[in-house]
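Along the sequence shown, the residues carry numbers beginning at 1.
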Amino acid sequence: MIGQPTVSIFARWPEAGKAKTRLIPAFGPEGAVAVYRKLLVHTLEIVRASGLPFELRATGAGEAEFQEWLGSDVPVAQQGDGDLTAKLQRAPAPGMAIGSDCPGLTPGLLRDAANALTEAPVTIGPASDGGYWLIGYREPLPWLFEDIAWSTDAVMPATLAACQAHGITPAMLPELSDVDEPEDLDDWPEFLL
């Protein structure tokens, strides 16, 4: 029996011009970062409500800045150097890595993902853009994040191929949408200014 997985929320400090940059053409740097702030606060509320252990995997500012903004009870670990592959490989196991830009995330989905890890060594929440909104693992699996063309629609096929190559059939969660482009907010007006 594995312990409860830690939810690692990957987040960056909300600095105008550096967060949600693909939203900038529609909303400007300040508008894009305002959307990002709302999304991160929403994500943190959902993760807290799930009752699962969690941490913020942060970049762009230190623990004190994030805790001053989000609460002193928020465990903060730095993402560290390197690309997304290296950063994901450093997240704890058993664990579940999520971003901070999935408005449809619910506490129940996070608990479902955690429960799925009791049956399967990997669980994946596919995103409508060809990536995933969650990836969970019972033990460290560095290969799970290698040779991935991040931020493309090839993420999910490459991840599934890696699982297959290692004899793993991942548990699959429902598909959700994340917010990368302005039109992704059409169904989520509450995250606009």
Side-chain angles (χ1 to χ4, degrees), residues 1-21 32-33 35-103 105-107 109-118 121-125 127 131-148 150-151 155 159 162 170 173 176 178-180:
M1 179 71 184
I2 65 164
Q4 281 194 314
T6 297
V7 181
S8 293
I9 307 167
F10 278 74
R12 74 168 36 256
W13 183 252
E15 183 179 343
K18 293 191 177 181
K20 285 289 155 207
T21 56
V33 80
V35 170
Y36 178 73
R37 279 190 204 101
K38 289 181 182 181
L39 285 165
L40 179 53
V41 167
H42 168 76
T43 301
L44 188 56
E45 289 171 356
I46 295 299
V47 172
R48 279 184 168 131
S50 76
L52 294 166
F54 70 92
E55 66 173 5
L56 198 67
R57 283 268 157 180
T59 187
E63 179 180 4
E65 291 91 344
F66 276 101
Q67 288 181 334
E68 184 177 326
W69 173 36
L70 299 169
S72 59
D73 64 322
V74 176
V76 178
Q78 290 296 314
Q79 291 180 15
D81 294 333
D83 61 6
L84 185 56
T85 296
K87 293 175 180 186
L88 284 164
Q89 288 172 334
R90 284 192 285 271
M96 302 186 306
I98 63 172
S100 48
D101 60 357
C102 185
L105 185 66
T106 67
L109 285 169
L110 289 171
R111 289 190 292 267
D112 289 347
N115 290 335
L117 288 176
T118 64
V122 173
T123 185
I124 301 173
Y132 47 74
W133 55 268
L134 175 146
I135 190 156
Y137 35 86
R138 282 199 297 230
E139 59 190 50
L141 301 172
W143 54 263
L144 195 55
F145 307 110
E146 292 173 352
D147 301 318
I148 304 287
W150 298 111
S151 300
V155 172
T159 303
L173 299 163
L176 297 178
D178 51 19
V179 173
D180 292 316

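I46 and P107 get closest at one heavy-atom pair: CG2-N, 3.5 Å. Shown here for Y137 and L88, the closest heavy-atom pair between the two residues is OH-O, 4.4 Å. Closest heavy-atom contact between G3 and P94: O-CG, 3.6 Å. When all heavy atoms are compared, the tightest approach of I148 to T159 is CD1-OG1, 3.8 Å. Among all heavy-atom pairs drawn from F145 and T85, the shortest one is O-OG1, 2.8 Å. Residues L52 and A114 come closest through the heavy atom pair CD2-CB, 4.0 Å.
Within the 4.5 Å cutoff, the side chain of V74 has no heavy atoms near those of the F66 side chain. Side-chain contact between L109 and L134: absent, with no pair of heavy atoms (C-beta onward) separated by less than 4.5 Å. With contacts defined as side-chain heavy-atom distances shorter than 4.5 Å, the pair L44/F54 qualifies. In this structure the side chain of R37 never reaches within 4.5 angstrom of the side chain of V41, judged on heavy atoms. When side chains are defined from C-beta on, L40 counts as touching L70, because their heavy atoms get closer than 4.5 Å. Using a 4.5 Å cut-off on side-chain heavy atoms (C-beta onward), R57 and P92 make contact. Y36 is listed as a side-chain neighbour of R12, based on a closest heavy-atom distance under 4.5 Å. Two residues are said to be in side-chain contact when any heavy atoms from C-beta on lie closer than 4.5 Å; S100 and L39 fail this criterion.
Rounding to the nearest 0.5 Å gives a distance of 6.5 Å between CG of L144 and CD1 of I124. From M96, atom CE reaches atom CG of L110 across 5.0 Å, with rounding to the nearest 0.5 Å. Interatomic distance, CD1 of I98 versus CZ of F10, reported as 10.0 Å (0.5 Å rounding). Atom CD of Q4 is separated from atom OG1 of T118 by 11.5 Å, given to the nearest 0.5 angstrom. Between D112 atom CG and L173 atom CG the span is 7.0 Å, to the nearest 0.5 Å.
Taking a 6.0 Å sphere around CD of E68, one finds it holds 12 or fewer heavy atoms contributed by other residues, nucleotides or ligands. No more than 12 heavy atoms of other residues, nucleotides or ligands lie within 6.0 Å of CG in D147, so this atom counts as exposed by the packing criterion.
Side-chain atoms of E55 never come within 3.5 Å of backbone atoms of P75 as a donor-acceptor pair (strictly under, hydrogens ignored). Remark: side-chain polar atoms of Q79 are not paired, donor with acceptor, to backbone N or O of A86 under 3.5 angstrom. Formation of a donor-acceptor pair under 3.5 Å by the E65 side chain with backbone atoms of G62 is found in this model. The backbone N or O of A61 sits less than 3.5 Å from a side-chain atom of Q78, completing a donor-acceptor pair. Judged by distance alone, the side chain of R90 and the main-chain N or O of D81 form a donor-acceptor pair under 3.5 Å.
A salt bridge links K20 to D180: at least one charged side-chain nitrogen sits closer than 4.0 Å to a carboxylate oxygen.
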